[in-house]
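Single-structure report; data block below.
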Amino acid sequence: MAKRIKALYSRRTMIIKYIHTWYLMSVNSFSSMMVSRLGGFLFIVGKSLRFFFFLFFLLLITQKSQTIAGYTQNQAILFFLTFNLIDTTSQFFFREVYRFRHLVVSGNLDLVLVKPISPLFRSLLGGADIFDLFMLIPFIIATFIVAQRQNPDIFHIALFIFLILSGLGIAMAFHIIVLALGILTTEIDHAVMIYRDVTSMGRIPIDVYKEPVRGFLTFIIPVGIMMTTPTKALMGLVSAEGVIFAVSVSFISLMISILCWKYALLSYTSASS
Amino acid sequence: MKTFQRIIKNTVSEYTVYRLNFILWRFRMLLRLLILFFLWQAIYGSQNFIFGYGKSQMLTYILLSQIVTTFIFSTKTQELGDLIHQGNLSNHLIKPLNIFHFLLARDVADKALNILFSIIEIALIIVIFRPPIMLTSDISTLLLFFIAVIMGIGMYFMVSIVLSLMSFWTQESWAHRFLFFVISDFLAGGLFPLDILPQPVFRILSLLPFPYMLYFPLKVYLGNQTSGEIIQGFIISLIWVGIFYAGFKILWQKGLKLYTAEGR
């Protein structure tokens, strides 16, 4: 019994340690990003414009046809906002992945591996992006306002949030696989941008696409589960089986990604330290 | 001439150093083309006519826009920004070779590779998906299209140089380029033909340089423009090329006076 309590206590201490470490790394990352305030301002303007441009395009196409794959203009906007919510949140947390290649080719990954902290944690979450945090706040507000028009009840709202977290789990799995690929091949940039390009197909409901594209986006690269399923849950369009399937895909993706990461670490030979 | 040939050869060789990087790069280009293609196929659904464009016209526009994008937007000139920040510009300044000629030669290599593989990728899509596309054999249309593309290439080359030269004044070389990418991605007409926008918006856009980088050459190819519109388009393109050339000259002269080879 005493051993069990001790184990629980040390696990709790470990979690607090990792949260504190993440906070410190994020503060460092924010500080370095804010060195160039003009650059920061331009990034925020660029991200905002990118959002408004596609929103304008969405309004344009739904104005003509009134619906898209049977969804109204308001629903289409909700799909787009949910995509932005998930995409921006994953970029906020996992921005360090974009800088991982330099760690590998310079040999500095060795310095990460010798530290008393999980290298996966450091490589995945070591550099939160403050500009994405600035973008996240208006996205959350806009999603709340647009979602209210669907008159969801508490259960569907809870399901929506739960499936967003599940979608973030799939996003995490993709990023871990990209890290593993980075160790094995030193190729990161195109791999992560391929992930971004494919997930961008979730800006509109994937029901719009014909088969086999729709099947590909549901079962092979589960963009549909990440981006479309949460919004459909908010509208009450997802069954219990659909929720279980989404969560299962998220769990299995994470398991596979961690196996890939472990395999990559075993294969790591340190480029040039 | 031999120098430029050597630069072009070296640039092509650089791409083949990291083969997986090269393969993933081409896969990504193919994916982007497919994403746009599927998006517009989905938007059209069972309809044949939207925004004044038939399905074949729109799909032709989208597929051709990807080839023309590789002509116009592929560039190596962003390296100039890094050369300035790292102080490595000095190496180029002391050489008996104009750095802009050097960058132009690298651009030629980059564009040649992009075009070669884009044609293969588009051909694959045509063979597999058999989209209804329009092919023109009218010599005058093709000639005007070619001239419009060349002007677009010249315009973007100048713009990219100007963006890189801002590195003389800022520590940041990527932020303003990112902003430009976002704006040009939408306003150049890569996602949709710009004339589907409300007329007042389109008229304002027609005065900006962005439509002449991509939208204008594609409209010339589709044969939807009157002679007056084509002449107006070429005149506005020339004016913008001139403005960007003047901007490049001024920024280069002023920037060199500030340059201290910081980082060397």
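In this text, all values refer to a predicted model and were calculated from it rather than measured experimentally. Labels below follow one simple rule: chain letters A, B, ... track the order of the sequence lines, proteins then strands, and each chain is numbered from 1.
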Legend entry - Non-hydrogen atoms of B:A42 and A:V208 that approach each other most closely: CB-CG1, 2.9 Å
Legend entry - Distance, nearest 0.5 Å, that separates CZ of B:F192 from CD1 of A:I61: 10.0 Å
Legend entry - Spacing of CD1 belonging to A:I194 relative to CG belonging to B:L24, to within rounding of 0.5 Å: 4.5 Å
Inset, instruction - May I ask you to name which of B:F181, B:W25, B:W174 has the most heavy-atom pairs under 4.5 Å with chain A? - result: B:W25
Legend entry - Part of A:V35 within contact of chain B (heavy atom distance under 4.5 Å): neither
Inset, instruction - Count the heavy atoms of every other residue, nucleotide or ligand shown that sit under 6.0 Å from OH of B:Y44, and state whether that count exceeds 12. - result: yes
Legend entry - Interchain contact, A:R196 with chain B, by part (heavy-atom threshold 4.5 Å): neither
Legend entry - Residues in side-chain contact (heavy atoms from CB on, under 4.5 Å) contact with A:S267, at least two apart in sequence or another chain: A:L184, A:Y263
Legend entry - CD1 on B:I23 to NE2 on A:H190, rounded to 0.5 Å: 11.5 Å
Inset, instruction - Could you look at A:V45 and say if it's the side chain, the backbone, both or neither that has a heavy atom under 4.5 Å from chain B? - result: both
Legend entry - When B:L187, B:I50, B:L191 are compared by non-hydrogen pairs under 4.5 Å with chain A, the top option: B:L191
Legend entry - Options A:T185, A:V213, A:L38, A:I204, ranked by heavy-atom pairs under 4.5 Å with chain B, top entry: A:V213
Legend entry - Atom pair OG1 (A:T62) and CD1 (B:I43), whose distance is rounded to the nearest 0.5 Å: 10.0 Å
Legend entry - chain A contact residues among residues 27-40 of chain B, heavy-atom distance under 4.5 Å: B:F27, B:R28, B:L31, B:R32, B:I35, B:F38, B:L39, B:W40
Inset, instruction - Measure the CZ-CD1 distance between A:F53 and B:I183 for me, rounded to the nearest 0.5 Å. - result: 6.0 Å
Inset, instruction - Considering non-hydrogen atoms only, spot the tightest contact between A:L42 and B:A175 and give its length. - result: CB-CB, 4.0 Å
Legend entry - Interface residues of residues 127-141 of chain A facing chain B - heavy atom cut-off under 4.5 Å: none
Legend entry - Atom CZ of B:R19 with >12 non-hydrogen neighbours under 6.0 angstrom: no
Legend entry - Neighbourhood of chain A inside residues 203-215 of chain B, taking heavy atoms under 4.5 Å as contact: none
Inset, instruction - Check the surroundings of atom CZ in A:F52: do more than 12 heavy atoms from other residues, nucleotides or ligands lie under 6.0 Å from it? - result: no
Inset, instruction - On the 0 to 90° scale, with breaks at 30° and 60°, tag the A:F56-B:F186 ring pair as parallel, tilted or perpendicular. - result: perpendicular
Legend entry - Distance-minimising heavy-atom pair for A:R50 and B:F178: NH1-CE1, 3.8 Å
